[in-house]
Structures are given as C-alpha cells and as structure tokens.
Amino acid sequence: EHLVMATENGIVKKTNLSEFCNSRAGGIIAIEVEEGDKLMGVKLTTGPSDVMLITRQGMSIRFNEGQLRDQGHSTVGVWGIDLAKDDRVESLEVVEANATLLVITENGYGKRTDFEEYRAQTRGGKGVITIKTTERNGEVVGAHTVHDNDAVMLITSQGQMIRMPVSDIRTIGRNTQGVRLINLDEGDKLVSATTVEPENDEAEGSAGEGEGKAPEETGSPEAGKA
C-alpha cells in the first residue's frame, strides 16, 4: 500500500505506508512542502493505479503511479503537472473501474465524464482540458471519483446547500462546459463540493427550506460545447 500526495503547485509524491508505522508524539513529516506551496490531497492506493490531478482552470493529467518512485516521508516529491500561470491543483483522484470523474465549477455548473476520455500521459506534462472554465462556469471548486449510487453535497459562499444524487448529473464529453446543477443568487458562488452517503428516500436531490435551489431539470444541457 502507498500514500500518493499532491500539492497545489503540482508536486506529487508516493511513499510506502510502512514509512508511517512508527508514530511519534509530534507526528511524522509526510512531505517537505516548499515555501508558497500547500499540500492539497492524499490518496491511499493498494496496487498499481492511475491517478489524476485536476486544476482550478479546468486542466487535468492522468498518469500511472508507477511513474513515481518510492520516496521517504521527509522528502519533497517530483513534478506531476506543468501548471499555467495563476493555476493550481484543486484535486487528486484515483481512477476506478465503473466510475466517472465529477467536476464542479464555482458558478454552479458541472458534469461527469468517463475516465476512458482521459488518456494516460507522462507525469509533468500540461495535461488536457477536463471542463471549460469559461465566464459562465467560473473555476473548478471540486472534482471527485464517483459511482452512480453516490450523492454530492454542494455548498455556497452564502451558506446555502443542496444535496443531489450523482445519477442526476449527465455524463458528457471531456472538452465541454457541463450543465447547470444549482441556481445561485446574485453574488453567490459554490465554494465546496463533496461526495456523501446517498439517502434512501424520494426527496434526495430536492432543495428543502433554507437550502439551495436545484434547477427544474437538473442535468439538462446548457451550451454543452463552446
């Protein structure tokens, strides 16, 4: 088993889980983070896996963790993606069979895309577009590996929330804008999107009192391709 780590500036690192067996009162340094950078994601892998980095400006790169050599816990790591100016890594995900990649943007849009749409590349490249971060969409605020029976919780800067089943979100191509997931009030933005356990009731996905407003037809296409 390994821990794969990623920073906002695009550094990735793989460390054998056995490196963390000896606990210390003050903890163990998992990765040396350089000045101006932040650790943004950690994933556990149990065998040779493909991982993906998704950025705020809608870029992504998929590569096999075999491209990462095992490193000790107190080391820096290597380049995972070559970021554009002012971009940063928003999410680290592990590719899973029978799953899709859910990407959500700050203006309330999102989509699911089959992992087959993302070819495996060599780490350190610029990657490919996973969603168009147009003026309509805004930037990426969340990306998750999801299955049809998952649910997602969307949270806005003004404290509104909406929960919806992942199956309500359309699966469409990689280089597209996505569909509207939530109607936002003027000046409000999505700040977080996270997967949650699905509810076993018919009300799942509908907005209740004090919650955000779901579109009348969640997942209906709106200018899918620019």
Side-chain angles (χ1 to χ4, degrees), residues 5-11 33 36-43 52-61 80-81 83-94 100-113 127 129-147 150-170 172 174 176-199 203-216 218-220 222-223:
M5 294 162 267
T7 74
E8 288 187 348
N9 288 351
I11 298 294
V33 179
D37 200 1
K38 294 179 181 178
L39 181 66
M40 55 65 51
V42 180
K43 294 292 182 180
M52 287 188 67
L53 302 176
I54 301 93
T55 80
R56 284 281 292 179
Q57 294 181 11
M59 299 300 292
S60 66
I61 191 167
I81 187 170
L83 295 170
K85 184 179 179 181
D86 298 325
D87 200 5
R88 71 172 190 261
V89 176
E90 180 67 30
S91 182
L92 163 69
E93 294 299 314
V94 178
T100 54
L101 181 68
L102 170 65
V103 183
I104 295 171
T105 64
E106 62 185 349
N107 289 344
Y109 293 84
K111 65 175 181 175
R112 291 191 294 150
T113 301
I129 294 173
T130 186
I131 192 169
K132 292 183 176 179
T133 51
T134 58
E135 183 177 353
R136 186 204 76 165
N137 277 357
E139 294 188 319
V140 172
V141 296
H144 302 278
T145 298
V146 296
H147 300 83
D150 290 334
V152 62
M153 181 75 79
L154 308 179
I155 304 172
T156 79
S157 61
Q158 295 181 7
Q160 301 301 305
M161 295 187 297
I162 185 172
R163 178 191 185 113
M164 66 177 63
V166 163
S167 57
D168 278 4
I169 303 172
R170 291 188 63 207
I172 55 179
R174 174 182 60 78
T176 54
Q177 291 192 89
V179 296
R180 184 185 294 277
L181 304 181
I182 182 174
N183 292 319
L184 297 172
D185 293 333
E186 185 176 355
D188 203 4
K189 297 283 187 182
L190 282 180
V191 295
S192 178
T194 185
T195 54
V196 294
E197 291 295 323
E199 293 178 342
E204 183 182 35
S206 62
E209 183 178 353
E211 295 181 332
K213 301 180 290 298
E216 293 182 2
T218 302
S220 60
E222 292 189 15

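None of these values were measured; they are calculated from a predicted model.
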I'd like to know whether E106 forms a side-chain contact (heavy atoms from CB on, under 4.5 Å) with R56, so could you lay out the CA-CA distance, the side-chain angles of the two residues, the decisive distance to 0.1 Å, and finally the verdict. CA-CA 10 Å; E106 62 185 349; R56 284 281 292 179; 3.9 Å; yes
Give the minimum heavy-atom separation between [X] and [Y], together with the two atoms involved.
| X | Y | result |
| --- | --- | --- |
| G110 | I131 | CA-CD1, 4.4 Å |
| M52 | L101 | CE-CD2, 3.9 Å |
| L154 | M164 | CD1-CE, 4.1 Å |
| L184 | G108 | CD1-N, 3.9 Å |
| A6 | L39 | O-CD1, 3.3 Å |
| A193 | I104 | CB-CD1, 3.6 Å |

Can any side-chain N or O of [X] pair as donor or acceptor with the backbone N or O of [Y] at less than 3.5 Å?
| X | Y | answer |
| --- | --- | --- |
| D150 | T195 | no |
| T105 | N137 | yes |
| K111 | T130 | yes |

Apply side chain to side chain donor-acceptor pair (under 3.5 Å) to [X] and list each qualifying residue two or more places apart in sequence or on a separate chain.
| X | answer |
| --- | --- |
| R88 | none |
| K43 | none |
| S60 | none |
| D188 | T156, S157 |

So how far is it from [X] [atom1] to [Y] [atom2], rounded to the nearest 0.5 Å?
| X | Y | atom1 | atom2 | answer |
| --- | --- | --- | --- | --- |
| L190 | M161 | CG | CE | 12.5 Å |
| I169 | Y109 | CD1 | OH | 14.5 Å |
| I162 | I182 | CD1 | CD1 | 5.0 Å |
| K132 | Q177 | NZ | CD | 6.5 Å |

Sequence-distant partners of [X], side chain to side chain contact (heavy atoms under 4.5 Å, CB included), two or more places apart:
| X | result |
| --- | --- |
| D37 | T7, E8, N9, I11, V33 |
| S167 | P165 |
| S192 | I155 |
| T55 | Q57, M59, I81, L83, D87 |

Evaluate the side-chain contact (heavy atoms from CB on, under 4.5 Å) criterion for residues N107 and K189: first the C-alpha distance (whole Å), next the side-chain angles of each, then the deciding distance (0.1 Å), finally the verdict. CA-CA 6 Å; N107 289 344; K189 297 283 187 182; 2.6 Å; yes
Applying side-chain contact (heavy atoms from CB on, under 4.5 Å), run through T145 and L102 and close with a yes or a no. CA-CA 6 Å; T145 298; L102 170 65; over 6 Å; no
Between T113 and V103, is there a side-chain heavy-atom distance shorter than 4.5 Å? no
V141 side chain near V191 side chain, heavy-atom distance below 4.5 Å: no
Just do the side-chain contact (heavy atoms from CB on, under 4.5 Å) check on E90 and M40 with the steps written out, would you? CA-CA 7 Å; E90 180 67 30; M40 55 65 51; 5.7 Å; no
What residues form a salt bridge (charged side-chain N to carboxylate O under 4.0 Å, His left out) with R174, not counting sequence neighbours?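 Applying salt bridge (charged side-chain N to carboxylate O under 4.0 Å, His left out) to R174 gives none.
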